[in-house]
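Inspection log for the structure reproduced underneath, given as structure tokens.
Quick note on labels: first sequence line is chain A, next is B, and so on, each numbered from 1. Source: prediction; values computed, not measured.
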Amino acid sequence: MHDIRFIRENPQSFDASLARRGLEPLSARLLKLDEERRTLATELQQSLAKRNEASKAIGQAMAQKDMERAEALKAEVAALKESLPALEEKEKQAGAALDAALAAIPNLPGDDVPEGADESANVEVSRWGTPRDFAFTPQDHADFGPALGLDFEAAAAISGARFAALRGGVARLHRALAQFMLDRQTGENGYEEVNPPLLVRDAALYGTGQLPKFAEDLFQTTDGRWLIPTAEVSLTNLVREQIVAEDSLPLRFTALTPCFRSEAGSAGRDTRGFIRQHQFEKVELVAICRPEDSEAEHQRMVKCAEGILEALALPYRKVLLCTGDMGFGARKTYDLEVWLPSQQTYREISSVSNCGDFQARRMNARYRPEGEKATRFLHTLNGSGLAVGRTLVAVLENCQNEDGSVDIPAALHPYMGGITRLEPR
RNA sequence: GGAGAGGUGGCAGAGUGGUCGAAUGCGCCGCACUCGAAAUGCGGUUUACGGGCAACCGUAACGUGGGUUCGAAUCCCACCCUCUCCGCCA
């Protein structure tokens, strides 16, 4: 959500930032809506002031038992009744129109975000690790996975496409990855573990920006709730409608949850394998902090995600997303992309975004700075630390052997109950 | 699912349809008294929006949204949430 006052005062820089996102200038239209709203509001308030004054006089007249005067005043106020409801309605609509327009505009990119239309303009920041030199042709996990317990067929029969059942060693490995990540984020990295709601209301999704624009990407329940597409929704909304104590900042939350996505816009993409599912697990990281701390917090969060990949010895690269590739609520985003030998390319496994005060405005999440009377909006950040399903794919493919077995990374051994290698069955 | 109670300022807690943004207490801030503190006394202490250079003025908010009325914290309706009891249940 954008601040209309900021737009009022800086229309040209607002439009310039939108242009970097490839959007048409909008400030003129927004300011016109704002102008209409304020004119109507002032008009309405003046009418109400008149009515209040008269009503007060009626009360006084009646207290003095001057019924004649009271009746005369009543007749006078009755005239206002003609115009008031219509004016009220117009004012409300003008406010709603402005809010709707503002709610549909994505966050403005940070100054240090490269400009570009799509992912081809993303900037590689760094690489870690060296893709393994295979003595054989590495296989796609969708091909050798089933022998290890990755069952797409049974899941398809139960639930349809884009579902999988994990069985045996692969299920254990998946669980080990999730536990390892969660332990690491809660332990070394200091995030508070949360087990949050998976079904949420409209307002929560509006707060983080999935609604009103992206309803088609979500699953909805018959009672009107929604399945979370990411724990970012639940974790970030933990501070909605709150004035958080400054000395409790930054708040750092992590959660291991299933995520549900309709994948409406990605028909035909990644149809094979475990890369893109309607349901997957993710360890999410969310931070809530003061505006002046969010850039440093962003860097820290990326490091927390990178640490998982490094501990698992998975080669990856860090990419700074360009303006055209960022999500709706983000002002700056780093993606971590893990090396997949079967595809001979890096694939997204984590996305870490600084949303500035964009979500905080939509949630009305604030704090009161020391010594200040007014409240300020918090900054919110979120990132994957990591997507468990995709990490499983990365481990399977990077650690595969020619016979179809997979060596478990050492960091996971404590979680595997003595298993160090998955064997095809 | 059934029956009932309730949602008021930072907290506790009053509130008869009319001068109620809201008594009172606590807390908090300032001042006085004091060597200092406590106690005491006095004053102040919500938020959002609009207008104004400003002092300040106006509007709105008593869970949320509607309605009745010249006027609603107060009356009516719907919804949300909390609590108690019963039933069911992992």
Side-chain angles (χ1 to χ4, degrees), chain A residues 1-9 30-103 195-207 211-212 220-226 234 237-248 257-258 357 360-378:
Chain A
M1 180 62 89
H2 292 283
D3 181 3
I4 188 62
R5 278 177 299 191
F6 172 84
I7 300 171
R8 219 183 279 156
E9 282 156 27
L30 293 168
L31 291 178
K32 185 160 170 288
L33 287 171
D34 180 44
E35 185 62 39
E36 287 169 8
R37 191 195 103 243
R38 284 194 292 161
T39 304
L40 285 166
T42 301
E43 209 178 316
L44 174 65
Q45 289 181 7
Q46 284 167 351
S47 295
L48 288 172
K50 260 197 261 177
R51 185 205 64 186
N52 289 348
E53 210 176 322
S55 291
K56 205 175 257 190
I58 291 171
Q60 283 167 349
M62 290 178 74
Q64 292 160 15
K65 302 274 195 272
D66 187 350
M67 292 308 170
E68 217 171 287
R69 178 168 159 69
E71 287 306 317
L73 282 166
K74 276 193 198 181
E76 213 172 281
V77 181
L80 273 175
K81 283 216 103 177
E82 305 287 318
S83 58
L84 214 49
L87 193 55
E88 255 170 354
E89 184 59 28
K90 268 161 71 182
E91 194 268 347
K92 199 197 286 181
Q93 279 176 6
L98 179 62
D99 284 346
L102 286 173
N195 191 318
L198 308 179
L199 292 175
V200 300
R201 279 211 260 253
D202 291 18
L205 287 155
Y206 179 87
L211 291 180
Q220 188 165 29
T221 61
T222 53
D223 71 351
R225 284 178 241 266
W226 307 81
S234 306
N237 275 281
L238 245 25
V239 296
R240 69 174 294 112
E241 310 278 338
Q242 285 191 42
I243 299 174
V244 178
E246 185 179 18
D247 58 16
S248 69
T257 70
D357 65 3
R361 286 180 183 283
R362 297 169 80 102
M363 296 188 301
N364 197 24
R366 299 163 294 168
Y367 76 107
R368 199 186 307 277
E370 176 74 32
E372 277 186 39
K373 192 166 154 50
T375 55
R376 271 198 238 162
F377 289 109
L378 292 158

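The 5' end of RNA chain B is approached more closely, in terms of each residue's nearest nucleotide, by A:Lys56 than by the other of A:Asn52 and A:Lys56. Place A:Ile4 and A:Val77 on RNA chain B by their nearest nucleotides, and A:Ile4 ends up nearer the 5' end.
For the pair A:Met1/A:Tyr206, a side-chain contact is recorded, criterion being any heavy-atom separation below 4.5 Å from C-beta on. The shortest side-chain heavy-atom distance between A:Asp34 and A:Ile7 does not fall under the 4.5 Å cut-off.
Partners of A:Asn195 under the side-chain contact (heavy atoms from CB on, under 4.5 Å) rule, at least two apart in sequence or in another chain, do not exist in this structure. Residues meeting the side-chain contact (heavy atoms from CB on, under 4.5 Å) test with A:Lys56, sequence neighbours left out: none. For the side chain to side chain donor-acceptor pair (under 3.5 Å) test, residues two or more places apart in sequence or in another chain that qualify with A:Lys32 are A:Glu36. Applying the side chain to side chain donor-acceptor pair (under 3.5 Å) rule to A:Asp202 yields the partners A:Trp226; only residues at least two apart in sequence or on another chain are considered. Checked against side-chain contact (heavy atoms from CB on, under 4.5 Å), A:Ala54 has the following partners two or more places apart in sequence or in another chain: A:Val77. Shown here are the side chain to side chain donor-acceptor pair (under 3.5 Å) partners of A:Asn364, two or more places apart in sequence or in another chain: A:Arg366. When the salt bridge (Lys or Arg N to Asp or Glu O under 4.0 Å) test is applied to A:Asp357, the partners found at least two apart in sequence or on another chain are A:Arg361. In this view, A:Thr222 satisfies the side chain to side chain donor-acceptor pair (under 3.5 Å) rule with no residue, not counting sequence neighbours.
RNA chain B is contacted by A:Arg38, A:Thr42, A:Gln45 of residues 38-46 of chain A, taking any non-hydrogen atom closer than 4.0 Å.
Comparing B:A14 with B:G7, their P atoms are spaced 9 Å from each other, to the whole Å. Comparing the C1' positions of B:U64 and B:A12 gives a spacing of 24 Å, expressed to the nearest Å. Comparing B:G2 with B:G58, their P atoms are spaced 49 Å from each other, to the whole Å. For the C1' atoms, the distance from B:A22 to B:G17 is 15 Å, rounded to whole Å. Distance check on atom C1': B:U8 versus B:A61 gives 12 Å, rounded to whole Å. A gap of 8 Å separates the C1' atoms of B:A73 and B:G15, to the nearest Å. Nucleotides B:G1 and B:C88, compared at atom P, are 15 Å apart to the nearest Å. Comparing the same atom, C1', in B:G63 and in B:C80 gives a spacing of 8 Å after rounding to whole Å.
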Donor-acceptor contacts, no H, no angles, side chain residues 44-51 of chain A, under 3.5 Å, sequence neighbours left out:
from: A:Ser47; atom 1: OG; to: A:Glu43; atom 2: O; distance (Å): 3.3

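Using a 4.0 Å heavy-atom criterion, one finds that A:Leu48 contacts the sugar-phosphate atoms exclusively. Nucleic acid contact for A:Arg225: none, since no nucleic acid atom lies under 4.0 Å from a heavy atom of the residue. Among the heavy atoms of the strands, none lies under 4.0 Å from A:Lys50. At the heavy-atom level, A:Ala49 lies under 4.0 Å from the strands shown only through sugar-phosphate atoms.
The 12-atom threshold is exceeded at CD of A:Gln220, counting heavy atoms of other residues, nucleotides or ligands nearer than 6.0 Å.
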* **Intra- and interstrand pairs of RNA chain B - dot-bracket, Watson-Crick/G-U under 3.5 Å, | marks other strand** => ((((((((.[[[..)..(.....]]]((((((.......))))))((((((....)))))).[[[[[..)....]]]]])))))))....
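First and last contacts of RNA chain B with chain A, using any nucleotide atom under 4.0 Å from a protein heavy atom and ordered 5' to 3', fall at B:G18 to B:C81.
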